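Residue numbers begin at 1 in each chain, while the letters A, B, ... track the order of the sequences. Worth saying up front: this structure is predicted, and the values here are computed from it rather than measured.
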Amino acid sequence: MSGETRAAAGAPPSRDDVLRLYATMALIRAFDQRVATLVLKGAFSGVGHLCVGQEAVAAGVCAALRDDDYVTSTHRGHGHCLAKGVDPGEMMAELFGKATGTCHGKGGSMHIADFRRGMLGANGIVGAGLPIACGAALTAKLTDSGRVTVAFFGDGASNIGAFHESLNLAAVWKLPVVFVCENNRYGEATPVEYALSAEHVADRAASYRMPGLIADGQDVLDVYGKAREAVAHARSGAGPVLLECETYRYFGHFVGDPARYRSAEEVEWYRARDCIIRCAEYLRERHGVAVKQLDEIGAEAERRLDAAVAFAESGTAPGLAAILEDVYGEARA
Amino acid sequence: MSGETRAAAGAPPSRDDVLRLYATMALIRAFDQRVATLVLKGAFSGVGHLCVGQEAVAAGVCAALRDDDYVTSTHRGHGHCLAKGVDPGEMMAELFGKATGTCHGKGGSMHIADFRRGMLGANGIVGAGLPIACGAALTAKLTDSGRVTVAFFGDGASNIGAFHESLNLAAVWKLPVVFVCENNRYGEATPVEYALSAEHVADRAASYRMPGLIADGQDVLDVYGKAREAVAHARSGAGPVLLECETYRYFGHFVGDPARYRSAEEVEWYRARDCIIRCAEYLRERHGVAVKQLDEIGAEAERRLDAAVAFAESGTAPGLAAILEDVYGEARA
Amino acid sequence: MTGGRVISFREAITEALRQEMRRDARVILMGEDVAGGAGRQAQGLSEAWGGAFAEYKGLFTEFGDGRVLDTPISEMGYLGAAVGAAVTGLRPVAELMFVDFIGVCLDQLMNQAAFARYMSGGRVHVPLTLITHVGAGVGMAAQHSKMLYSFFAHIPGLKVVAPSSAYHAKGLLTAAIRDDDPVVFCAHKLLLGQSEHVPEEPYAFPIGQARVAREGRDVTLIGAALTTSVCLRAAQALEEDGIDAEVVDLLSLSPLDEETVLASVRRTGRAVVVDEGFPRCGLAVDVAALIGERAFDDLDGPVRTVTAPHAPVPFSRPLETAFMPSADQVRAAVLDLTAPNTGPSGRTGA
Amino acid sequence: MTGGRVISFREAITEALRQEMRRDARVILMGEDVAGGAGRQAQGLSEAWGGAFAEYKGLFTEFGDGRVLDTPISEMGYLGAAVGAAVTGLRPVAELMFVDFIGVCLDQLMNQAAFARYMSGGRVHVPLTLITHVGAGVGMAAQHSKMLYSFFAHIPGLKVVAPSSAYHAKGLLTAAIRDDDPVVFCAHKLLLGQSEHVPEEPYAFPIGQARVAREGRDVTLIGAALTTSVCLRAAQALEEDGIDAEVVDLLSLSPLDEETVLASVRRTGRAVVVDEGFPRCGLAVDVAALIGERAFDDLDGPVRTVTAPHAPVPFSRPLETAFMPSADQVRAAVLDLTAPNTGPSGRTGA
Ligand SMILES: Cc1ncc(C[n+]2csc(CCOP(=O)(O)OP(=O)(O)O)c2C)c(N)n1
Ligand SMILES: Cc1ncc(C[n+]2csc(CCOP(=O)(O)OP(=O)(O)O)c2C)c(N)n1
Ligand SMILES: [Mg+2]
Ligand SMILES: [Mg+2]
């Protein structure tokens with residue numbers, strides 16, 4: 001039922017493109033696996049909403065973006081940040097609540113933002129990033145900057161009012177925004193089949209006369225291809241697109257969620273289609289990349305994480321004066 | 001693109017049925033015409049949101065309901081109230097702010113409610129009636145009362161978050177509710193073609209896998225027929241329905257709105273399709289009803305309005321003590 | 001203020017917007033029917049409404065649909081879009097037609113606009129102005145007549161202004177638009193038609209600065225928006241009682257000009273805070289507690305509050321009228337304050 | 001309270017719900033993952049979560065999907081559905097997982113639930129309970145750690161309770177469910193695990209009744225929810241300073257038990273109000289102004305407030321800890337209050 005984009009699909013990704021996608025996914029996985037360990041160790045407070053299993057979506061979509069494009073993210077946002085180029089050390093420092101963090105330790109996991117990278121913020125409120133994405137896209141449109149904005153959100157978020165208002169507004173104003181649904185089949189403990197009255201989130205695109213695409217979210221190349229189509233469509237001035245990526249999170253809703261709402265078989269089914277493993281297979285089979293090279297990419301990701309954790313640990317917590325700083329800025333009047 | 005209801009359409013309306021529809025429309029028109037006059041005279045305060053031109057929707061839909069069915073209404077709700085059987089005298093007294101009003105003068109036009117008649121309330125907040133309708137339908141479902149709830153709302157309201165959340169919730173919970181959109185082509189001064197990214201509001205039913213119907217809102221028989229289908233579907237336990245009625249308001253958004261956002265031709269086009277005139281023609285041609293009888297129905301409506309205004313005028317304003325009454329009830333604990 | 005060109009509060013809003021939009025191309029305006037008749041330009045229509053309260057008349061005609069944007073009825077959507085536009089370099093002004101509608105979009109104002117600077121460790125700012133209409137007196141009942149500005153004042157990161165006149169409306173709206181933080185501009189419906197001298201040139205009135213609207217020695221009456229005029233009328237009436245009342249017009253509710261309030265009360269020794277909002281956790285108790293804590297030693301009596309009752313706004317006209325704080329109530333509160341034990345305190349020198 | 005069966009605040013919530021749901025078939029529960037794993041019964045799953053805070057464990061198993069309803073993520077939708085169910089004869093309990101989410105659904109609570117009785121001239125009532133979680137201390141930062149109960153207290157037509165212990169949680173939730181008006185039940189996250197003696201039989205603790213949690217003669221410390229324990233710790237510490245502090249635990253924020261507060265302060269002559277909410281237009285100033293206005297003549301010093309700062313809740317743990325009112329701050333406020341001019345007032349007799 002998904003619509004069609006009028007944008008050209010572009011050339012197939014090169015070996016280097018795919019290697020970059022692979023490296024991004026490896027970094028995201030290393031990051032969130034490390035976070036899991038650290039949360040369980042009690043290294044820092046807060047809920048760990050991890051995207052392990054979903055790496056292909058962040059990696060594939062952000063690879064289709066320019067550096068100066070915008071992204072709004074969710075509570076499950078580490079992958080989006082890393083894929084958009086946010087520094088893992090600063091991110092980790094943020095999770096540790098250090099002054100060296102992306103947000104000087106005042107935001108935490110659910111509020112990581114890096115405006116230098118067009119990362120307009122993770123968000124603790126389900127659906128809240130979508131209207132903000134419309135605004136970033138409005139800026140792009142009114143200033144003719146050619147920038148595209150991607151709004152990531154979950155399957156659960158597609159049932160909240162802000163989703164509806166944003167898609168309608170983006171369609172009415174013909175905004176250059178791509179709404180990317182990470183359908184990981186659950187909103188907390190609630191399965192998508194229960195909470196979503198449509199068959200696919202992408203089916204809802206028709207309500208706004210915008211194209212609706214579905215990508216295999218466990219296949220980074222499919223995500224990348226569809227995202228390129230969608231981004232090209234948006235960048236061309238043809239208006240917004242809804243892109244649904246079918247994916248899965250291996251952890252529960254948060255670190256520690258026993259996730260009794262799903263079966264072991266279901267988890268196995270998805271793990272067998274793991275995006276990183278599939279991408280590795282593709283690289284080996286299609287491009288003859290050696291296992292050793294792939295292992296090295298994984299090892300490099302781990303080294304970056306070691307460095308990130310070291311950076312985070314070496315930082316200091318913000319001083320107590322920071323409590324009252326940056327509530328307001330200086331008035332210019 | 002509208003879906004299909006599985007409910008039977010039922011027998012065609014009898015002469016008496018149509019006469020009753022006619023009488024209801026005549027009463028609604030007389031009421032809101034009278035309100036226009038009174039507002040312009042400054043007889044009472046508040047904004048007059050009139051439904052003159054849209055009478056077929058309220059009349060046709062409510063005729064498809066049982067007395068004990070529920071209705072949630074809007075800021076443009078006089079027609080819904082009258083069609084659901086609320087007393088015009090009490091309504092008029094409410095507009096006059098009298099203690100004898102439906103709400104003892106404390107609600108006014110935008111809050112008329114009469115729970116004895118299943119009228120759960122006009123509403124000053126666009127879209128707010130839809131979630132409430134879901135709740136009334138939930139009560140019906142959980143208590144097995146067989147009652148159906150109708151939620152009236154406008155074309156403009158179909159762009160607000162509450163619309164989306166309600167339709168999804170009703171679909172997920174399979175609630176016996178009929179969402180009736182009065183598409184009068186404007187939300188205040190904004191034309192539906194601008195604000196609505198779908199072609200028809202009813203197209204959005206597909207997002208919730210519920211039937212979406214479109215009725216000619218200037219044809220009370222079409223509205224009545226489609227409403228019967230929709231209500232039967234909901235009452236059967238098959239879940240919610242979205243019914244869009246294409247209609248028009250002759251007045252501006254409120255009494256006094258010069259309505260410069262539309263052309264005289266457009267108004268004329270709709271007036272030429274006036275629901276009352278068309279129903280009169282139908283009654284004359286199909287059932288041989290004499291003009292005199294129809295005139296008498298109109299005259300009877302005017303007499304009821306005379307009585308309503310007299311009742312309203314004869315009432316007294318609530319005493320000042322009422323300001324502090326009914327903020328809370330008696331605790332039962 | 002007298003002399004010079006006289007325009008209404010409504011026109012002062014238009015003028016501030018027009019001047020700031022001319023001055024700074026990043027300033028845009030959005031909301032429901034801020035133009036009106038959107039999409040009908042092809043048919044020769046420029047704007048049909050210019051806002052539900054007609055404050056934006058002419059702006060669409062001058063600035064076009066790239067700067068003045070009608071929105072669908074989706075407050076969460078467009079307020080959020082304003083936030084997104086603000087964090088990416090524009091300076092949006094959004095309208096929330098009635099403050100009562102904040103219930104459908106508070107999240108974008110509170111969790112997003114107000115907190116973005118803080119949550120990002122100061123790496124972003126949100127130059128967003130929200131114009132909204134507050135207050136009773138127009139027969140629109142409980143869902144269209146509230147004040148609710150105390151909600152905004154409660155939220156760290158927001159600034160809140162509630163001008164009492166055309167002059168301050170222009171100056172505060174200008175300041176709001178130039179401010180790098182989100183500012184809620186509360187216009188009382190009953191003030192829109194009130195006119196006075198307003199300079200033609202652009203000017204900003206500082207956010208966070210109250211003014212002494214009338215000087216007096218015996219008691220300080222504190223108002224905001226419409227209640228400033230209630231205080232002034234009460235002060236006038238109190239002359240008959242031989243009481244010389246000072247009136248402080250808050251203008252800004254957040255940040256609050258604590259010093260002007262405290263300085264006045266320290267001189268008069270008595271205070272009555274007059275607020276059309278609901279009494280619980282509202283503006284009146286906020287100011288009263290400030291005085292009670294910081295000017296305790298100078299108080300000759302308790303700080304009194306005159307507010308709307310703890311009840312929704314009723315429709316019926318006499319009830320609605322009685323619902324709103326009146327000069328009589330303020331006068332009675334002052335008399336009660338000055339009467340029981342002593343006459344006017346020593347300080348009055350009357 | 002000591003002796004007898006000990007259960008946690010969390011379990012007290014479960015028990016109140018279970019008992020009321022058994023007693024009255026009209027009581028239903030709805031919210032996100034109040035069961036969890038909805039629609040999976042066919043696969044033998046009864047409930048996966050029982051609420052994000054596990055307060056509803058076992059309720060779905062006992063009462064089934066006609067009484068315990070998981071909802072899509074659509075707070076406006078289901079809170080409105082709760083209003084609609086309430087006005088048509090049910091007695092719904094809805095959960096708003098974090099009070100911070102009120103920004104996406106306030107309208108149904110304020111303009112609909114709270115006002116329906118009034119706007120209908122008393123022809124309908126809204127027996128709705130909203131359970132929500134408030135407060136900082138769990139490392140979830142600005143969008144998941146606020147109090148915001150002052151918003152609810154501001155709104156006429158709502159009742160608001162903020163229990164400080166398991167015993168009162170059970171009694172107040174029971175009272176809320178039995179009440180014919182909408183009640184917001186605010187559970188502080190840090191209290192959920194705290195245990196004490198709670199009677200097994202159903203009981204309602206009256207809404208609108210505060211309690212004296214500790215008797216004392218020198219100063220009244222006033223708290224609610226978590227700050228009651230802050231006051232009690234401060235009171236203990238103040239013993240070392242030779243100060244005998246009374247602690248009033250508000251329990252209900254609306255209606256407020258003004259008499260208990262005033263009676264205490266009239267005896268002690270001094271008050272410190274301790275509130276984890278933001279300072280402006282919050283609970284602390286509300287209670288402080290009440291005391292300042294109604295117990296003025298009995299005050300030996302200004303009413304002090306100890307609140308969170310006017311800042312969003314920061315993430316970093318040391319900042320978050322410092323953000324929350326502490327016993328040290330309360331003690332300092334008391335010492336400041338009692339020190340400057342005199343020692344403890346004559347009344348203390350110390
Ligand atoms: C408005 C709002 N409601 C509820 C929550 C609590 N919550 C946090 S994440 C979540 C589930 C979101 O599901 P989905 O959108 O599918 O994203 P996922 O967690 O699967 O990535 C919920 C209900 C919230 N943060 N905000
Ligand atoms: C949430 C909200 N936003 C805005 C308004 C102001 N308003 C009142 S009626 C209206 C237009 C509604 O349009 P529509 O739903 O088409 O109903 P109609 O007036 O045409 O019957 C608007 C914007 C409101 N009452 N509530
Ligand atoms: Mg999900
Ligand atoms: Mg309309």
Side-chain angles (χ1 to χ4, degrees), chain A residues 44-47 75 94-99 101 103-111 123-128 154-163 186-191 193-197 252-254 257-263 317-328, chain D residues 31-41 43-52 65 69-78 80 97-98 100-105 107 136-145 278 308-324:
Chain A
F44 43 75
S45 56
V47 203
H75 57 286
E94 186 60 33
L95 301 189
F96 274 79
K98 298 296 177 69
C103 307
H104 299 317
K106 288 164 79 172
S109 170
M110 282 193 284
H111 306 297
N123 214 308
I125 305 298
V126 166
D155 49 289
S158 76
N159 298 316
I160 204 161
F163 163 87
Y186 293 89
E188 290 188 350
T190 297
E193 306 85 45
Y194 176 82
L196 179 77
S197 57
H253 175 59
F254 55 88
D257 172 14
R260 273 192 301 268
Y261 41 82
R262 62 188 190 181
S263 64
L320 293 189
I323 293 177
L324 288 172
E325 286 164 9
D326 291 321
V327 180
Y328 300 97
Chain D
E32 289 153 17
D33 296 300
V34 292
R40 289 287 162 89
Q41 294 97 287
Q43 292 153 244
L45 181 74
S46 150
E47 58 189 48
W49 273 25
D65 63 4
L69 294 97
D70 274 348
T71 67
I73 307 177
S74 43
E75 286 82 1
M76 188 73 96
Y78 73 76
M97 203 183 292
F98 289 79
D100 311 70
F101 307 162
I102 194 66
V104 304
C105 60
D107 182 66
V138 292
M140 293 184 77
Q143 294 179 339
H144 284 77
S145 305
F278 301 126
H310 185 65
V313 185
F315 168 69
S316 188
R317 204 177 273 172
L319 270 55
E320 185 186 23
T321 304
F323 177 95
M324 299 171 75

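Per-residue counts of heavy-atom pairs under 4.5 Å with chain D were compared for A/Gly187, A/Gly101, A/Gly107; the largest is that of A/Gly107. Among the candidates D/Glu47, D/Glu32, D/Met97, the residue making the largest number of heavy-atom pairs closer than 4.5 Å to chain A is D/Met97.
Looking at A/Asp257, only its side chain comes within 4.5 Å of chain D, counting heavy atoms on both sides. Proximity to chain D is limited to the side chain of A/Glu193, based on heavy atoms less than 4.5 angstrom apart. Only the side chain of A/His253 comes within less than 4.5 Å of a heavy atom of chain D; its backbone N, CA, C and O stay farther away. For A/Phe44, the part sitting under 4.5 Å from any heavy atom of chain D is the backbone (N, CA, C, O) and nothing else. Looking at A/Leu196, there are no atoms closer than 4.5 Å to chain D (heavy atoms on both sides), in backbone or side chain. Heavy atoms of D/Leu319 lying under 4.5 Å from chain A belong to its backbone as well as its side chain. Both the backbone and the side chain of D/Met140 come within less than 4.5 Å of a heavy atom in chain A.
In this structure, CE in A/Met110 is found 7.5 Å from CD in D/Gln143, a value given to the nearest 0.5 Å. To the nearest 0.5 Å, atoms OG (A/Ser109) and CD (A/Glu94) are separated by 9.0 Å.
Judged as a salt bridge (Lys or Arg N to Asp or Glu O under 4.0 Å), and not counting sequence neighbours, the contacts of D/Asp100 are D/Lys146. Every residue was checked against the salt bridge (Lys or Arg N to Asp or Glu O under 4.0 Å) condition with D/Arg317, not counting sequence neighbours, and none meets it.
Using cut-offs of 30° and 60° on the angle between ring planes, the pair A/Tyr261 and A/Tyr186 is tilted.
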